[in-house]
Amino acid sequence: MNAFVEDDSVPTAPSDAGQPGVDVPDHRGRTGLNRVGRDLTLNDGVRVTNVELIGNGWHVLRRTTFDFRHSDGHWSTEQRETYDRGHGATILLYDTARSTVLLSRQFRFPVYVDGTNDGMLIETAAGLLDDDDPETAIRREASEELGVTVGEIEHVFNVFMSPGSVTERLHFYAAPYADASRTSAGGGLADEGEDIEVLELDFAETLDMIDDGRIRDAKTIMLLQWAALRGPFRAR
């Protein structure tokens, strides 16, 4: 007999009362942050029973309790923490005539706190969507970070980068660049604390940099390997 008893009620954690981001505005004016996920219906083997707001600094950390139906039919109660930072986009800029790509190098504290390196990471241009659609957002980021005004653009794929805990879906793009499209120095926005070095690299060298560990960023590796296998630098 299935031990699961259906209950349409959604309990509220006692700590929710008067909690910023729940029933009173937080520092960004947000409320109802503990409601996300409660009304999901796309999987009838998952029934969310409670959502707790754990943290809401700039992004949002939640603890969700749900009942899950396993492949053998039995139900269990599970609990997961999810980090919601919104969705993002990234782009590989390439010049097939000179066999080059434009990448960035910047300090990433989460990489530094790993304790095994200096925190400097070579990456494709990327950023959060904020209130923009993905293509608009990545054109903005390419301009701010790399100084390129993007023309024709290609959508490559959408990927969940860390599905065990992070809700972000990253939109991947690629586009050609030339000297004429490099309309500023790039470097990021100083008033947002960005200090970005623009790197123009030989494409073949970037593949060697993946092999020897000089490039360790997942989105960058994915786009470079796509460019080699199916994109602008694939063998003809």
Side-chain angles (χ1 to χ4, degrees), residues 59 84-108 111 120-163 166-211 214-236:
H59 305 305
D84 183 354
R85 60 192 304 270
H87 300 306
T90 186
I91 191 168
L92 177 68
L93 298 178
Y94 60 85
D95 182 343
T96 54
R98 296 186 300 124
S99 295
T100 58
V101 294
L102 280 184
L103 301 178
S104 68
R105 176 161 46 207
Q106 61 183 304
F107 178 73
R108 296 293 199 181
V111 175
M120 301 302 293
L121 207 62
I122 296 175
E123 308 176 46
T124 50
L128 294 177
L129 304 186
D130 296 326
D131 294 325
D132 290 328
D133 63 87
E135 185 172 322
T136 298
I138 200 54
R139 289 179 183 277
R140 179 193 70 224
E141 295 298 330
S143 176
E144 293 175 356
E145 295 189 5
L146 302 179
V148 173
T149 299
V150 174
E152 181 181 357
I153 193 169
E154 177 181 1
H155 176 255
V156 179
F157 38 59
N158 299 334
V159 175
F160 289 99
M161 297 297 290
S162 187
V166 181
T167 62
E168 180 185 21
R169 183 172 66 251
L170 194 61
H171 302 259
F172 285 70
Y173 292 93
Y177 78 94
D179 286 342
S181 60
R182 300 185 71 174
T183 52
S184 73
L189 300 179
D191 58 359
E192 293 185 4
E194 294 180 331
D195 185 1
I196 298 173
E197 179 185 1
V198 180
L199 303 177
E200 184 171 52
L201 301 172
D202 177 78
F203 177 72
E205 175 67 11
T206 63
L207 300 181
D208 292 336
M209 294 170 75
I210 294 172
D211 290 341
R214 283 177 289 166
I215 292 179
R216 296 168 293 167
D217 174 64
K219 65 181 180 296
T220 306
I221 293 172
M222 293 166 69
L223 276 173
L224 291 172
Q225 292 184 340
W226 164 83
L229 295 173
R230 302 180 63 87
F233 296 103
R234 67 185 180 278
R236 290 175 170 80

Give a yes or no answer on whether the side chain of [X] reaches the backbone of [Y] with a donor-acceptor pair at less than 3.5 Å.
{"X": "Thr100", "Y": "Leu201", "result": "no"}
{"X": "Asp95", "Y": "Ala97", "result": "yes"}
{"X": "Asn158", "Y": "Phe160", "result": "no"}
{"X": "Ser143", "Y": "Arg140", "result": "no"}
{"X": "Thr220", "Y": "Thr124", "result": "yes"}

Residue pair [X] / [Y], side-chain heavy-atom distance below 4.5 Å:
{"X": "Arg85", "Y": "Val166", "answer": "yes"}
{"X": "Ile153", "Y": "Ile91", "answer": "yes"}
{"X": "Leu199", "Y": "Leu102", "answer": "no"}
{"X": "Thr90", "Y": "Met161", "answer": "no"}
{"X": "Glu135", "Y": "Val150", "answer": "no"}
{"X": "Arg182", "Y": "Val198", "answer": "yes"}

Once you round to the nearest 0.5 Å, how far does [atom1] of [X] lie from [atom2] of [Y]?
{"X": "Asp132", "Y": "Arg139", "atom1": "CG", "atom2": "CZ", "answer": "12.0 Å"}
{"X": "Ile215", "Y": "Leu207", "atom1": "CD1", "atom2": "CG", "answer": "8.0 Å"}
{"X": "Leu170", "Y": "Phe157", "atom1": "CG", "atom2": "CZ", "answer": "9.0 Å"}

(message) Within a 6.0 Å radius of atom CG on Asp195, are there more than 12 heavy atoms belonging to other residues, nucleotides or ligands?
(response) no

(request) Take atom CG of Asp211 as the centre, draw a 6.0 Å sphere, and report whether it contains more than 12 heavy atoms from other residues, nucleotides or ligands. (result) yes

(request) Determine whether the side chains of Tyr177 and Glu200 contain a donor N or O and an acceptor N or O closer than 3.5 Å. (result) yes

(message) Does the plane of the ring in Tyr94 sit parallel, tilted or perpendicular to the ring in Phe233? Use 30° and 60° as the thresholds.
(response) perpendicular

(message) Please list all pairs meeting side chain to side chain donor-acceptor pair (under 3.5 Å) that have one or both residues in residues 222-231, counting only residues at least two apart or in different chains.
(response) none

